[in-house]
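Step one of this worksheet: look at the structure below.
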There are 2 protein chains.
Amino acid sequence: MSSQTDQIVAKLKSRGLRVTPQRFAVYANLLGRCDHPTADDILSDLNQAAPTSSQATVYSSLQALREVNLVREVLLEEGVCRYDANVGPHHHFRCQSCGAIADIPWETLASLNLQTLSPRWQIEGYEVTVRGVCDRCQTQ
Amino acid sequence: MSSQTDQIVAKLKSRGLRVTPQRFAVYANLLGRCDHPTADDILSDLNQAAPTSSQATVYSSLQALREVNLVREVLLEEGVCRYDANVGPHHHFRCQSCGAIADIPWETLASLNLQTLSPRWQIEGYEVTVRGVCDRCQTQ
DNA sequence: CTTTGTGCAAACGATTTGCAGGATG
DNA sequence: CATCCTGCAAATCGTTTGCACAAAG
């Protein structure tokens, strides 16, 4: 049985990406967190203990990962591009107060009927963004 | 009965905004189009015939309009902030091919039941983003 | 006449790019 | 060993800011 590390390596290779320490680190970091970090968040995290990656490399790793569909971006805030290793369909909750973003599993919300939309559009999918205040911000 | 112009002037005044030619032009332009333009799109449009506004003024007008809730931003594309004078609840359709964004009236989609979400969140609202290919791009 | 808005240019922050050296398959 | 990646620094893009002048109420 393969370790988590091997699985990540295999995933990168299967998509035709060379496995480098930096690229591995970026993807592993993103897989290990659920807070939808920005490129800079990831960079800081990786370099926390010791400098291992440069800014440009994090950006290029993210772009490479995005091109092979291992990572996607989440845009729910002005001027901020966040990243997500969860590429399957799911919804988002965004706290208006602190800006935190949480995933909402697809099954949590009932499926929408899109038949009512213009028949001239070829529909590929949809996603719901819920606005509100998270538990942490309510008590403060 | 008041003209369209008077209505816009009244709206700006009622929100406590001074009515200047530039601010008026930005809001009128946004009201008159449904393509969710960027700040720069608006600027080019306003200055098409003759220069009337500067870049900084368009940005500051948009911010002023946003603060009094006459205008909102739409974030569906990386690195691009678009604006919308339709501030009521509605959904969006985004063409994956050309990036065009169309409004979907709220009533078009059935209301979602959000009871299934975490009771620890205070829900304020939601919005659906539909992905697909617009009619124009399908025939190309 | 006081307050607020405008325009210019410089500043800014996030992201991208060019390029020389280094690592990967 | 050919190809692709990394890191640095400079470039770029959208947006913001400082400030002197002008316009609105």
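To find a chain, count down the sequence lines: A is the first, B the second, and so on, and within it residues start at 1. Values in this document were obtained by computation on a predicted structure and should not be read as measured data.
Annotation: of the two residues near DNA chain D, Thr52(A) and Ala39(B), the 5′-most nearest-nucleotide partner is Thr52(A). For the pair Arg18(B) and Ala56(B), nearest-nucleotide mapping onto DNA chain C gives the more 5' position to Arg18(B). Each of Pro21(B) and Arg66(B) was assigned the nucleotide of DNA chain D with the nearest heavy atom; the assignment lying further toward the 5' end belongs to Arg66(B).
Out of dT16(D), dT24(C), dG7(D), the shortest distance to the side chain of Gln55(B) is found at dT16(D).
Atom CG of Leu46(A) is separated from atom C1' of dT6(D) by 14 Å (rounded to the nearest Å). Atom NZ of Lys13(A) and atom C1' of dG25(C) are 8 Å apart (whole Å). Summarising the geometry, the separation between CG on Asp41(A) and C1' on dT15(C) is reported as 15 Å, rounded to the nearest angstrom. Distance, Tyr59(B) OH to dA10(C) C1': 16 Å, rounded to whole Å. When the C1' atom of dG13(C) is taken as reference, atom CG of Leu43(A) falls 14 Å away, rounded to whole Å. In this entry the distance linking CZ of Arg23(B) with P of dA23(D) reads 16 Å, nearest Å. Look at CD on Gln22(A): it is 18 Å from P on dC4(D), rounded to the nearest Å. When rounded to the nearest whole Å, the span between CD1 of Ile42(B) and C1' of dT15(D) equals 14 Å.
Distances shown here put a side-chain N or O of Thr57(A) below 4.0 Å from the OP1 or OP2 atom of dG7(D). Close to dT6(D), at under 4.0 Å from its OP1 or OP2, lies a side-chain N or O of Thr20(A).
Within the nucleic acid shown, Val19(A) comes within 4.0 Å of sugar-phosphate atoms alone, with no base atom in reach, counting heavy atoms only. Note on Thr38(A): nothing from the nucleic acid sits closer than 4.0 angstrom, heavy atoms only.
Side-chain polar atoms of Ser53(A) and Asn47(A) form no donor-acceptor pair below 3.5 angstrom. Side-chain atoms of His92(B) and Asp103(B) form a donor-acceptor pair, as typed in the model, at a separation below 3.5 Å. For the 3.5 Å distance criterion, the side chains of Asp84(A) and His90(A) qualify, holding a donor opposite an acceptor.
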Output, in order, the C-alpha distance, side-chain angles, deciding distance and verdict of salt bridge (charged side-chain N to carboxylate O under 4.0 Å, His left out) for Arg131(A) and Glu77(A).
CA-CA 12 Å; Arg131(A) 248 179 318 108; Glu77(A) 228 174 318; over 6 Å; no
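The pair Glu73(B)-Arg66(B) meets the salt-bridge criterion, since a charged nitrogen lies less than 4.0 angstrom from a carboxylate oxygen.
When hydrophobic clusters are built by joining Ile, Leu, Val, Met, Phe, Trp and Tyr residues whose side-chain heavy atoms come closer than 4.5 Å, directly or via intermediates, Leu43(A) is grouped together with Val26(A).
Five base pairs at each end of the helix from dC1(C)-dG25(D) to dG25(C)-dC1(D) define two local axes, and these are offset by 40° (rounded to 10°).
Within the 6.0 Å centre-distance limit, the rings of Trp106(A) and Tyr126(A) are counted as a close aromatic pair.
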